[in-house]
**Student:** 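Have a look at the structure that comes next, please.
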Amino acid sequence: MNYFAFQWQLLDDCDQRCRHCYIFHGNNGVPLIRMGSEQIDKTLENCLDFCRTFQRLPEFYITGGDPILHRDFWRLLEKLHELDIPFTIMGNPFHLSEEVCQRMRGLGCKKYQMSLDGLQETHDWFRKPGSFDITLEKVACINKSGMHSVIMSTVSSKNIDEIPELIDICAEHDADIFAFSRYCPGAEDKTNGITPEQYREFLLKCDEKFEYYNNLCYFGKGRLWCNKKDHLWTLLDWELGRFKIPENAKENMIYGGCNCGNCHLTILPTGDVYACRRLSSKVGNVFKDRLADIWLKPMEDYRQYDKFEKCSECELLRFCRGCPAVAHGTYGSFYAEDPQCWHEVQESCQ
């Protein structure tokens, strides 16, 4: 039985106002929304009903805002622990202590994810002065509890040259996992400022770091595991001969790439259900609609693989598809070509 991932945003409240945050981006003065206690219970039951219906195992990514600021944060974790449901916390470093981390781990939290978006000056410009040092400081606190410490970066033209060095810094501070995704353009900016050629060169630089640190992990000599989150890694690995299309791969089967429409939903504090939080993709409301029904009908709009303008003609359609959210932010269409994809698709490729 396979897992199904729910990214659950409990509230908008946060100690930061990050420049690239999709919650506050272009929405100055918008009231902050929090789920109520009864709404949390209803949401959880709806998710469990979904998993029973489709014979999937639930996995939650609890986030916000900063989820620890919600008054029902600990009650929800206790409920997940009682049900033996795995979960990850995606939050800030500001309210972490040894006691808090130990309590999270005792309730079954597997990973705690924080963000670093460049080196100190750049990160503190994006997020909050002093947060670079605080984030690195809290890595040890998370590790000591037995949770895995995760550092996530959002890559744009403003920090792309700093990420390789940032990987080294994360390793020096004993972070367990490092990954990055690209900035999704919003209403005020229609590009993340990265050309396809620049992004390929960037991936090659990171590839050297990833190979080095992952090999250390393999042989028990290091801690940092670098996760190839961006699906354009598949394209690079294919070009380098490290990924091969299986001979027995079925034409009508999706094996990898973007999880939207396959094994992921996002739930907002309003109850709105999104196919992907990184783009405007409301498909229903968890307080009003049964998730199982949403999955069968509205979500079908995100599973029309023959509609991908470029990927539908590519050998890697079933394995890659780049990032449709970045494509949507750039061109206004989920099925537009990934603006950072450098692959020239041949007309004969089917």
Side-chain angles (χ1 to χ4, degrees), residues 5 7 59 61 88-91 93 109-120 122-123 126 132 135-140 142-143 146-184 192 194 198-244 255-259 264 278 316 319-323 325-326 338 340-342:
Q7 182 174 323
E59 182 169 18
Y61 291 80
T88 293
I89 305 294
M90 301 159 65
C109 184
K110 301 193 305 180
K111 295 177 288 188
Y112 192 96
Q113 178 178 305
M114 303 180 292
S115 296
L116 285 177
D117 293 316
L119 303 180
Q120 184 175 33
T122 300
H123 172 86
F126 270 122
F132 182 86
T135 298
L136 290 174
E137 173 189 327
K138 295 303 180 179
V139 167
I142 296 168
N143 292 346
M147 292 188 292
H148 290 301
S149 53
V150 182
I151 299 295
M152 182 72 187
S153 290
T154 300
V155 178
S156 68
S157 60
K158 294 180 175 61
N159 64 3
I160 191 169
D161 293 330
E162 299 181 9
I163 302 301
E165 184 178 348
L166 180 63
I167 297 172
D168 292 331
I169 291 173
C170 290
E172 292 168 3
H173 286 79
D174 290 330
D176 288 313
I177 302 169
F178 176 85
F180 58 78
S181 60
R182 282 169 284 155
Y183 171 64
C184 288
N192 56 26
I194 306 172
Q198 182 184 15
Y199 195 62
R200 186 178 186 277
E201 287 302 311
F202 165 71
L203 288 184
L204 285 171
K205 291 178 182 177
C206 290
D207 185 67
E208 294 182 6
K209 301 286 186 182
F210 278 33
E211 288 291 301
Y212 173 73
Y213 288 113
N214 288 355
N215 280 332
L216 288 180
C217 284
Y218 279 131
F219 293 104
K221 298 180 179 179
R223 183 167 191 140
L224 183 68
W225 177 261
C226 297
N227 181 14
K228 294 181 176 181
K229 181 178 175 68
D230 192 316
H231 304 300
L232 287 181
W233 279 108
T234 301
L235 172 59
L236 185 67
D237 284 342
W238 179 67
E239 289 182 343
L240 297 176
R242 295 190 300 220
F243 170 75
K244 297 184 183 299
Y255 293 93
C258 175
N259 287 329
H264 171 84
R278 286 156 60 83
L316 299 175
F319 307 92
C320 175
R321 301 183 302 287
C323 182
V326 176
D338 186 313
Q340 276 75 58
C341 178
W342 62 87

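When reading the values below, keep in mind they use all heavy atoms of this one structure, side chains included, and skip hydrogens, waters and symmetry mates.
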**Student:** Do N215 side-chain atoms and E211 backbone N/O form a donor-acceptor pair below 3.5 Å?
**Tutor:**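 Yes, N215 side chain to E211 backbone: donor-acceptor pair under 3.5 Å.
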**Student:** As a quick check of understanding, evaluate side-chain contact (heavy atoms from CB on, under 4.5 Å) for E239 and W342, giving each step before the final call.
**Tutor:** CA-CA 11 Å; E239 289 182 343; W342 62 87; 2.7 Å; yes
**Student:** Calculate, to the nearest 0.5 Å, the distance between atoms CH2 and CG belonging to W225 and N214 respectively.
**Tutor:** 4.0 Å
**Student:** For the CZ atom on F243, are there more than 12 heavy atoms of other groups (residues, nucleotides or ligands in this structure) within a distance under 6.0 Å?
**Tutor:**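 Yes - once you tally the heavy atoms of other residues, nucleotides and ligands closer than 6.0 Å, there are more than 12.
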**Student:** Report yes or no: does D338 contribute a side-chain atom to a donor-acceptor pair with the main-chain N or O of C323 at less than 3.5 Å?
**Tutor:**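 Present.
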**Student:** Could you report the tightest heavy-atom contact between G322 and C258, atom names first, then the distance?
**Tutor:**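 Taking G322 first and C258 second, the nearest heavy atoms are O-CB, 4.4 Å.
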**Student:** Evaluate N192 against Q340 for side chain to side chain donor-acceptor pair (under 3.5 Å), listing each step before the verdict.
**Tutor:** CA-CA 10 Å; N192 56 26; Q340 276 75 58; 3.1 Å; yes
**Student:** Return the set of residues passing side-chain contact (heavy atoms from CB on, under 4.5 Å) with A140 (not counting sequence neighbours), or none when no residue passes.
**Tutor:**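 None.
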**Student:** With sequence neighbours left out, which residue pairs that include part of residues 155-167 fulfil the side chain to side chain donor-acceptor pair (under 3.5 Å) condition?
**Tutor:** T122-E162
**Student:** To the nearest 0.5 angstrom, please state how far the CG atom of L204 sits from the OH atom of Y199.
**Tutor:**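 The distance works out to 11.5 Å.
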**Student:** Less than 4.5 Å apart, side chain to side chain, heavy atoms only: is that true for T154 and F126?
**Tutor:**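 Side-chain contact under 4.5 Å: no.
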**Student:** What pair of heavy atoms forms the shortest contact from L203 to L232, and how long is it?
**Tutor:**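 Scanning both residues, the minimum pair turns out to be CD1-O, 4.1 Å.
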**Student:** Report yes if some heavy atom in the side chain of V326 is under 4.5 Å from a heavy atom in the side chain of R278; otherwise report no.
**Tutor:**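 Side-chain contact under 4.5 Å: yes.
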**Student:** Is the shortest heavy-atom distance from the side chain of Y212 to the side chain of C226 under 4.5 Å?
**Tutor:**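 Y212 does not reach C226 side chain to side chain.
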**Student:** Just so I know, are the side chains of I167 and C206 near enough to count as touching, which here means a heavy-atom distance under 4.5 Å?
**Tutor:**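 SC-SC contact between I167 and C206 confirmed.
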**Student:** Would T135 and S115 count as a side-chain contact (heavy atoms from CB on, under 4.5 Å) if you check the C-alpha gap in whole Å, the side-chain angles of each, and the deciding distance to 0.1 Å?
**Tutor:** CA-CA 8 Å; T135 298; S115 296; over 6 Å; no
**Student:** Give me the ring orientation class for F180 and W233: parallel if the planes are under 30° apart, tilted from 30 to 60°, perpendicular past 60°.
**Tutor:** tilted
**Student:** Knowing that exactly one of K110, R223, K111 qualifies, which makes a salt bridge (Lys or Arg N to Asp or Glu O under 4.0 Å) with D176?
**Tutor:** R223
**Student:** Is any side-chain heavy atom of L236 closer than 4.5 Å to one of K228?
**Tutor:** no
